[in-house]
Q: 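What follows is a structure written as structure tokens; I'll ask about it next.
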2 protein chains.
Amino acid sequence: MMKEGTYHHGDLREALLQQALKDLETTPAHELSVRDIAQRIGVSKAAPYRHFPTRLDFLAAICQKGFGSFLVALKSVPAHPKGPAKTLRSIAAAYIDFAWRNPWLYRLLFSAEGLQLASESTKTTGKECFRVLEEAAKEAQMAGWRSNDDPAWLASALWAHVHGVAMLRLEGLLASPQGRGDTYWEDLAGAMVEI
Amino acid sequence: MMKEGTYHHGDLREALLQQALKDLETTPAHELSVRDIAQRIGVSKAAPYRHFPTRLDFLAAICQKGFGSFLVALKSVPAHPKGPAKTLRSIAAAYIDFAWRNPWLYRLLFSAEGLQLASESTKTTGKECFRVLEEAAKEAQMAGWRSNDDPAWLASALWAHVHGVAMLRLEGLLASPQGRGDTYWEDLAGAMVEI
DNA sequence: GATAGATGTTGGCTTTGCCAACATTGCTGG
DNA sequence: CCAGCAATGTTGGCAAAGCCAACATCTATC
């Protein structure tokens, strides 16, 4: 009644996550259907529940992967030759770019739904993302930028700023960069970082 | 089979919206059930569909109301005696306070789901909310704050910043104001507005 | 006051999350 | 080596929810 050797998938958990990640490129998280994903992978509707007790756990696992990619993206920004402040701007630009290229994933990462069942390890990765910003900000401060502000506080403000730009851009609420150069988003992100 | 005179509700549309708004005080938008709201109002499960073609239209109508309240909240901030820059900070603080007091509503207002079917009038109200910020920023600029920046651009950056603070705070991602005074959030919101 | 349109009701279809009972398979200890 | 057990999949089914169709009731208008 089935193809031979297909009863057990091999690595269904990974396949499910991979498919979900692919779907998230074009589909909002709340439209993800566990059943549907399972069927398309070629497995029965209830199979996913052997790997994720609940839909929310599934989303949490997706977030785990997502924060991983996010961290890689942020960490792979090279130091800017013109100094730490410029590097900070580059990181902010990379942040916004990641959100733009992964619109539904990014929204999920910072949604109540995605965060609700976040594991310790996921939270840690998330914090590491923040720390990339924080470290870059600290360097910039040592180079003279807003050196009087409390570093932790400034990093929070910066994070919020960049997150806000990313989000509003995703919702199409920010004026488009007409006439502005291709550093428009970086400039916006860097509105706190005048150079 | 029914109480007399109750076949027609009178103003079901309004009642549904009101109930939804109340639910949103404690419940995420994606957990709102049209059926459930209808039942609790004492009307049949399908009745709402006489007023809203689809669930998304219902959410859009909620957003209409929501943006109205938001605009009122922003507009009711009095001018600060110490000048336009301080007024700008007050507005930013009011913005964040509104989001904090209406967590699920605020999220809905700026979510893809809520914005998807937004009517022209809703969009207009939304833009008016932005204009409150924009005007206040312009005043502050005329008083000397970042007077070299393009006003429209600066207003966008400011909006993004405040939105980001509001959002991250809602998700519990910003360090709590330990030791800081009760102007913590205003200070964070005002990280772009040094005085 | 008849009648059309607006507003509600009931029943039902489909999708989806999730559970229970059963099937198959790979691993592991005797 | 293989018996049996844990892991993993399958099928059937329940309940909740969005939404539709067919029908009921009310209200406003000519």
Side-chain angles (χ1 to χ4, degrees), chain A residues 1-20 22-24 26-63 104 108 111-117, chain B residues 1-20 22-24 26-63 104 108 111-117:
Chain A
M1 190 164 183
M2 294 197 54
K3 267 194 256 178
E4 287 173 41
T6 31
Y7 193 97
H8 282 127
H9 178 281
D11 197 355
L12 180 55
R13 184 190 152 96
E14 189 63 21
L16 289 167
L17 291 174
Q18 228 53 53
Q19 184 63 51
K22 193 166 292 177
D23 289 0
L24 275 183
T26 57
T27 311
H30 72 268
E31 284 183 22
L32 285 191
S33 156
V34 176
R35 282 170 93 113
D36 185 54
I37 291 177
Q39 312 277 0
R40 266 156 44 222
I41 288 185
V43 97
S44 83
K45 67 195 177 180
Y49 292 92
R50 293 289 166 194
H51 300 272
F52 308 100
T54 185
R55 177 199 158 82
L56 273 186
D57 294 276
F58 184 46
L59 291 181
I62 295 171
C63 286
W104 301 113
L108 178 62
S111 74
E113 243 193 324
L115 293 167
Q116 188 165 342
L117 293 188
Chain B
M1 190 166 183
M2 293 198 55
K3 266 194 254 174
E4 286 172 43
T6 30
Y7 192 96
H8 282 124
H9 177 282
D11 197 356
L12 179 55
R13 184 190 152 94
E14 189 62 23
L16 289 167
L17 291 174
Q18 229 52 54
Q19 184 63 51
K22 193 167 291 177
D23 289 0
L24 275 182
T26 57
T27 311
H30 73 267
E31 283 183 22
L32 285 191
S33 155
V34 175
R35 282 170 93 114
D36 184 53
I37 291 178
Q39 312 277 358
R40 267 158 40 224
I41 287 185
V43 96
S44 82
K45 66 192 177 183
Y49 291 93
R50 294 290 167 193
H51 300 272
F52 308 99
T54 186
R55 178 199 157 83
L56 274 186
D57 294 276
F58 185 45
L59 292 182
I62 295 172
C63 285
W104 301 112
L108 178 61
S111 73
E113 242 192 325
L115 293 167
Q116 188 164 342
L117 293 188

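Residue numbering restarts at 1 for every chain, and letters A, B, ... go by the order of the sequence lines. We use all heavy atoms of the structure for the numbers below, so side chains are in, but hydrogens, waters and symmetry mates are not.
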Q: Considering only side-chain heavy atoms of A/Arg50, which listed nucleotide, D/dG13, D/dT8, C/dG8, is closest?
A: D/dT8

Q: Whole Å only: how far is the CZ atom of A/Phe52 from the P atom of D/dG9?
A: 11 Å

Q: Hey, which sits more toward the 5' end of DNA chain C by its nearest nucleotide, B/Arg13 or A/Ala46?
A: B/Arg13

Q: Can you give me every donor-acceptor pair (side chain of residues 32-39 of chain B, partner residue at least two apart or in another chain, under 3.5 Å) with its distance?
A:
| unit_1 | atom_1 | unit_2 | atom_2 | d |
| --- | --- | --- | --- | --- |
| B/Ser33 | OG | B/Arg35 | N | 3.4 |
| B/Ser33 | OG | B/Asp36 | N | 3.0 |
| B/Asp36 | OD2 | B/Arg40 | NH1 | 2.5 |

Q: How long is the gap from CG on B/Asp11 to CG on B/Leu16, to the nearest 0.5 Å?
A: 9.0 Å

Q: Would you mind reporting whether B/Phe58 and B/Leu17 have side-chain heavy atoms less than 4.5 Å apart?
A: yes

Q: To the nearest Å, how far apart are B/Leu16 CG and C/dG8 C1'?
A: 12 Å

Q: For D/dA7, does either OP1 or OP2 sit under 4.0 Å from a side-chain N or O belonging to A/His51?
A: no

Q: Of all the nucleotides listed (C/dG8, D/dC19, D/dT10), which has the minimum atom distance to the side chain of B/Thr54?
A: D/dC19

Q: Using atom CD of A/Glu31 as one end and atom C1' of C/dT15 as the other, report the distance to the nearest whole Å.
A: 13 Å

Q: How close or far is atom P of D/dG18 from atom CG of B/Asp36, stated in whole angstroms?
A: 9 Å

Q: Distance check, rounded to the nearest 0.5 Å: A/His30 atom NE2 versus A/Arg55 atom CZ?
A: 9.0 Å

Q: Check whether the side chain of B/Arg55 and the base of D/dG18 form a donor-acceptor pair under 3.5 Å.
A: no

Q: Return the CD to CG distance between B/Gln116 and B/Asp57, rounded to the nearest 0.5 Å.
A: 10.0 Å

Q: Output the rounded distance in Å from CD (A/Gln39) to P (C/dT15).
A: 11 Å

Q: So B/Leu56, base contact, sugar-phosphate only, or nothing? Heavy-atom distance under 4.0 Å.
A: nothing

Q: What integer distance in Å separates A/Arg35:CZ from D/dA17:P?
A: 16 Å

Q: Nearest heavy atom decides the nucleotide; on that basis, is B/Lys45 or A/Ser33 closer to the 5' end of DNA chain C?
A: B/Lys45

Q: Please give the angle, rounded to 10 degrees, between the axes at the start and the end of the helix from C/dG1-D/dC30 to C/dG30-D/dC1, where five pairs define each axis.
A: 0°

Q: Are side-chain heavy atoms of B/Leu108 and B/Cys63 found at a separation under 4.5 Å?
A: yes

Q: Between C1' on C/dC18 and CD1 on A/Ile37, what's the gap in Å once rounded to a whole number?
A: 16 Å

Q: Rounded to whole Å, how long is the line connecting atom OH of B/Tyr49 with atom P of C/dG12?
A: 18 Å

Q: Roughly how far apart are B/Tyr49 OH and B/Phe52 CZ, rounded to 0.5 Å?
A: 11.0 Å

